[in-house]
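Below is one structure, written out as structure tokens; comments come after it.
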Number of protein chains: 2
Amino acid sequence: MLKRKGSEAVLDLLIKNTVIITMAGRGVGLIPRGNIGIRGNRIEVVSDADEPTGNQQAHRVIDGTNKVVLPGLIDAHIHTGIALLRGLAQDTDHWMQKALWPFAAALTPEGEMAGSLVNIIEGVKAGTTTFGDYDSSMADLLRNHDQVGTRARVAETINEMPDKITDLEVGEPYPLDAAIGQRQLQSALDLFEQWHDHDSGRITCMFGPQGPDMVSKELLLEIRELAAKYDTQIHMHVAQGDREIDQMTRRYGKRSIPWLEELGLLDSRLLAVHLTEATDEETRLLAQRGSAMVLCSGSIGIIDGIIPPAAQFLSAGGKLALGSDQAPGNNCSNMFNEMKFTAILNKCKAEDPRVFPAWKVLRLATIEGARAIGLSDQIGSLQPGKKADIIIVDLDSPAMCPAIMAPARNIVPNLVYSANGSEVQTVIVDGRIIMEDRKLVNVDEKQETASAREAAQALGYRARPGKNSVAMQMMEKEQL
Amino acid sequence: MLKRKGSEAVLDLLIKNTVIITMAGRGVGLIPRGNIGIRGNRIEVVSDADEPTGNQQAHRVIDGTNKVVLPGLIDAHIHTGIALLRGLAQDTDHWMQKALWPFAAALTPEGEMAGSLVNIIEGVKAGTTTFGDYDSSMADLLRNHDQVGTRARVAETINEMPDKITDLEVGEPYPLDAAIGQRQLQSALDLFEQWHDHDSGRITCMFGPQGPDMVSKELLLEIRELAAKYDTQIHMHVAQGDREIDQMTRRYGKRSIPWLEELGLLDSRLLAVHLTEATDEETRLLAQRGSAMVLCSGSIGIIDGIIPPAAQFLSAGGKLALGSDQAPGNNCSNMFNEMKFTAILNKCKAEDPRVFPAWKVLRLATIEGARAIGLSDQIGSLQPGKKADIIIVDLDSPAMCPAIMAPARNIVPNLVYSANGSEVQTVIVDGRIIMEDRKLVNVDEKQETASAREAAQALGYRARPGKNSVAMQMMEKEQL
């Protein structure tokens with residue numbers, strides 16, 4: 001039995017007689033029949049069901065029979081603010097210019113908030129407890145996370161690009177404007193003041209330069225100093241597409257990762273997202289410098305038809321997390337889907353079914369993801385003393401059925417390859433139940449989806465997609 | 001308005017004011033706000049909501065506001081009989097020998113039936129209405145399809161392999177036994193007598209030689225004659241792995257497809273499954289001969305780390321369907337998942353995000369799949385006169401939200417890339433509602449999952465996985 005000091009006090013919540021996937025140790029740390037007790041926002045005890053804690057007093061007891069309990073999933077990179085554009089941008093080359101931008105221009109702050117909230121609800125219903133939200137207007141979007149009750153480790157995006165950039169032709173160099181950068185940096189600093197370490201650390205902030213191509217050298221160096229001062233991470237798109245590499249070589253005569261190396265940005269504070277166009281050598285360098293990577297398998301696969309070099313990054317000892325990226329492109333924010341994509345795409349890339357096995361992918365979505373975003377001392381595994389971010393999954397749902405415990409177990413492979421997220425029954429974040437029996441506790445799902453529907457309709461009236469829009473071309477061919 | 005003759009009679013069911021994706025025409029044939037009426041087992045009328053049919057009398061009316069109606073999905077290749085082994089076989093090379101067989105030996109007829117029923121329930125809950133079930137004991141398994149109310153186009157598998165084959169070392173040639181083949185062929189003929197064209201054609205049969213490596217030349221030729229006599233298709237694994245190709249070249253000095261060409265099997269009766277190891281040239285030959293292909297993206301990706309040559313097959317004009325294959329290997333039977341995998345894997349194989357767009361993949365799961373399995377005159381699109389196999393999907397579920405209708409629509413991409421199957425609310429097969437508000441109508445889901453759980457536990461007691469079992473090795477490393 002594992003327990004914290006002083007654990008004789010009455011528990012707030014006890015989940016009894018359940019399969020527990022602790023994710024402690026080198027594998028999945030499965031307890032076939034155990035109890036897990038929570039007091040306040042922390043896990044107090046994790047034990048076999050037959051130990052005396054089985055009878056420990058608790059204000060509330062959940063019977064975990066025919067269920068499996070595991071750490072909440074971590075979506076380390078998501079732009080919830082553009083979720084209203086879900087399904088308007090895919091099946092094209094030059095995704096950003098030809099698919100996203102023609103509609104992004106019609107997004108209002110209200111539309112961002114409405115889409116973000118549905119996106120967060122979608123994630124929670126599929127077992128996501130931690131959101132690496134990365135967007136502009138983060139001070140507003142955090143109100144959604146605060147309301148729903150999710151854990152958020154966020155960054156206000158910072159770029160120096162004028163609004164009219166959406167009119168640029170594919171391949172034209174972006175203009176950068178230092179005044180815009182300073183304004184956005186100030187918003188990021190305000191975000192720290194307002195939200196960093198909010199609610200006992202349930203919400204924390206990082207710095208979010210939007211990509212080495214979208215901010216100047218001077219601003220990047222300033223952000224580097226600030227990240228050290230605030231002792232936090234720098235969350236940044238790196239080598240996220242041929243568009244970025246093209247801009248970098250035009251502007252600096254250097255590719256993204258050598259440029260960041262030159263500026264001293266490659267260190268353990270960097271959380272580098274995508275690496276779509278990173279060479280194997282660049283990828284290994286990043287891992288060796290202690291930087292972390294976020295792999296967005298669904299989004300990059302659909303947007304670019306590319307499988308990022310996560311295998312190389314892992315084999316060089318890198319800290320890897322998974323992310324859903326954004327609704328217009330992925331098009332969903334479902335970490336079960338992300339786990340499946342990550343496993344199958346990397347197996348096919350390596351032409352080897354043994355790579356990215358289920359247990360390893362589940363680690364990426366939990367304990368190893370937590371390590372990449374600097375929170376592994378708090379979340380990612382079910383161990384006494386850690387924050388209570390927990391999901392309960394129904395083993396009697398058809399996709400998880402039958403659960404087999406001996407002579408070999410099948411629950412972990414079925415979580416990764418078979419479950420679709422709808423098997424998650426209960427979601428607990430920071431000790432509080434935020435979804436129960438698939439019903440969100442702190443938000444009216446029906447009302448919020450209706451709001452998003454109305455906001456999307458209004459966006460439709462405003463949108464003036466031009467000749468570049470691939471969606472309008474597909475409409476003509478009756479493909480949408 | 002499209003309607004059948006005599007459509008003035010009272011309808012049995014009318015779905016009103018709903019988005020309809022008819023899949024008629026060359027695209028998706030979307031009606032933004034329409035009605036669809038059913039009488040008996042057929043679609044009677046498909047119209048805009050504003051036409052007079054909106055007021056047509058019906059015994060039952062469903063309000064389709066904020067929902068989308070589309071043809072039921074077609075899972076053209078599935079082995080429901082081994083579903084009890086879900087999650088016991090993955091993340092290994094030599095999947096069949098090292099992962100499946102160590103546990104398959106412990107399957108009983110009762111276990112097959114219990115697993116099959118949960119597998120069918122899983123499929124229906126994710127919108128599958130037609131199952132290309134392919135297994136031994138099909139006369140028994142069809143009782144499950146008959147009970148649940150699904151459409152089934154099935155084949156009793158026929159091979160000449162003795163039971164003790166599961167003891168063979170990897171790479172050892174299979175012994176073939178003509179007596180076994182004749183016995184299994186007789187079962188297949190009995191199946192036709194008992195089930196072919198059952199319930200007005202809801203259940204139909206094909207012949208199912210299990211692979212060119214698993215039956216002799218003589219038996220294949222006999223089956224070819226029988227398929228002509230019964231005017232049906234031959235459903236067969238073809239080039240399903242290096243194991244098969246290895247057996248073929250040892251036995252006949254020929255690869256699978258040239259062998260079938262020599263025997264005159266490559267024609268429009270052949271439904272060739274997998275083509276995992278088919279060369280581009282072989283694949284094109286198959287398409288040119290008019291044979292159809294079933295692509296099992298999830299299963300082959302996970303089992304082999306291979307993306308089959310579906311793009312080549314399509315570009316040669318071939319008729320392609322999708323299939324979930326089997327639970328121990330995929331590990332789920334969810335056509336939404338299969339659509340996602342098919343799109344993203346082929347985009348990554350081609351390194352081109354434009355290939356396998358959402359509309360095309362949805363066609364593969366509906367009208368084009370129907371064509372491949374010889375049923376496109378009956379199902380696959382929503383048109384008057386066709387059988388009423390229909391699913392209703394909730395547009396207010398988070399993964400489908402927001403639905404945007406103008407200036408471009410986003411529903412089709414969200415069905416393929418975002419939905420996970422749990423958004424399906426109602427499933428209609430042959431005019432009858434078999435799932436309503438996510439509750440199966442003809443079967444007690446709770447009871448059947450409990451039966452499968454018990455059967456799986458019993459299988460666990462019986463199983464004696466040997467030194468080959470990769471699952472037992474993973475248990476030792478705490479990876480399961």
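This is a predicted model, so every value here is computed, not measured. Chain letters run A, B, ... following the sequence lines, proteins first and then strands; every chain starts at 1.
Not one N or O on the side chain of A:R409 forms a donor-acceptor pair closer than 3.5 Å with the backbone of B:M475. Without hydrogens or angle criteria, B:R438 side chain to B:K125 main chain gives a donor-acceptor distance under 3.5 Å. With hydrogens and angles ignored, the 3.5 Å screen pairs a side-chain donor or acceptor of B:N410 with a backbone N or O of B:I404. Panel note: side chain B:W95, backbone B:P328; a donor-acceptor pair is recorded below 3.5 Å. Judged purely by atom type and a 3.5 angstrom limit, B:S299 has no side-chain atom pairing as donor or acceptor with the backbone of B:C296. Of the possible polar contacts, none joining the B:R462 side chain to the B:L107 backbone as a donor-acceptor pair under 3.5 Å is found.
Applying the side-chain contact (heavy atoms from CB on, under 4.5 Å) test to B:R243 and every residue at least two apart in sequence or in another chain returns B:M96, B:Q97, B:Y174, B:D213, B:M214, B:Q240.
For a residue to count as touching a neighbouring chain, one of its non-hydrogen atoms must lie under 4.5 Å from one of that chain's; by this rule A:F356 touches chain B with the backbone only. Residue B:N337 touches chain A through its side chain alone, counting heavy-atom pairs closer than 4.5 Å. Proximity to chain B is absent for every atom of A:E454, based on heavy atoms less than 4.5 angstrom apart. There is no contact between A:I411 and chain B, counting heavy-atom distances below 4.5 Å. Using a 4.5 Å cut-off between heavy atoms, A:A343 does not touch chain B at all. Contact annotation for A:Q90: only side-chain heavy atoms (C-beta onward) come within less than 4.5 Å of a heavy atom of chain B. Both the backbone and the side chain of A:P407 come within contact range of chain B, with heavy atoms under 4.5 Å apart. B:N66 touches chain A through its side chain: at least one heavy atom from C-beta onward sits under 4.5 Å away, while N, CA, C and O do not. The part of B:L30 that comes within reach of chain A is its side chain, from C-beta onward, which places non-hydrogen atoms under 4.5 angstrom from that chain. Interface remark: A:I303 contributes backbone atoms only to the contact with chain B (heavy atom separation under 4.5 Å). The parts of A:D93 that come within reach of chain B are both its backbone and its side chain, each placing non-hydrogen atoms under 4.5 angstrom from that chain. For A:N119, no part sits under 4.5 Å from any heavy atom of chain B, backbone or side chain. Interface residue A:A83: only backbone heavy atoms are found under 4.5 Å from chain B. Contacts between B:E445 and chain A at a heavy-atom distance below 4.5 Å involve the side chain alone, from C-beta outward. With a threshold of 4.5 angstrom between heavy atoms, B:S469 does not approach chain A through any atom at all. Interface residue B:K340: backbone and side-chain heavy atoms are both found under 4.5 Å from chain A.
Residues from residues 110-118 of chain A that place a non-hydrogen atom less than 4.5 Å from a non-hydrogen atom of chain B comprise A:V118, given in numerical order.
Looking only at atom types and distance, the side chain of B:N330 has no donor-acceptor partner in the side chain of B:S324 under 3.5 Å away.
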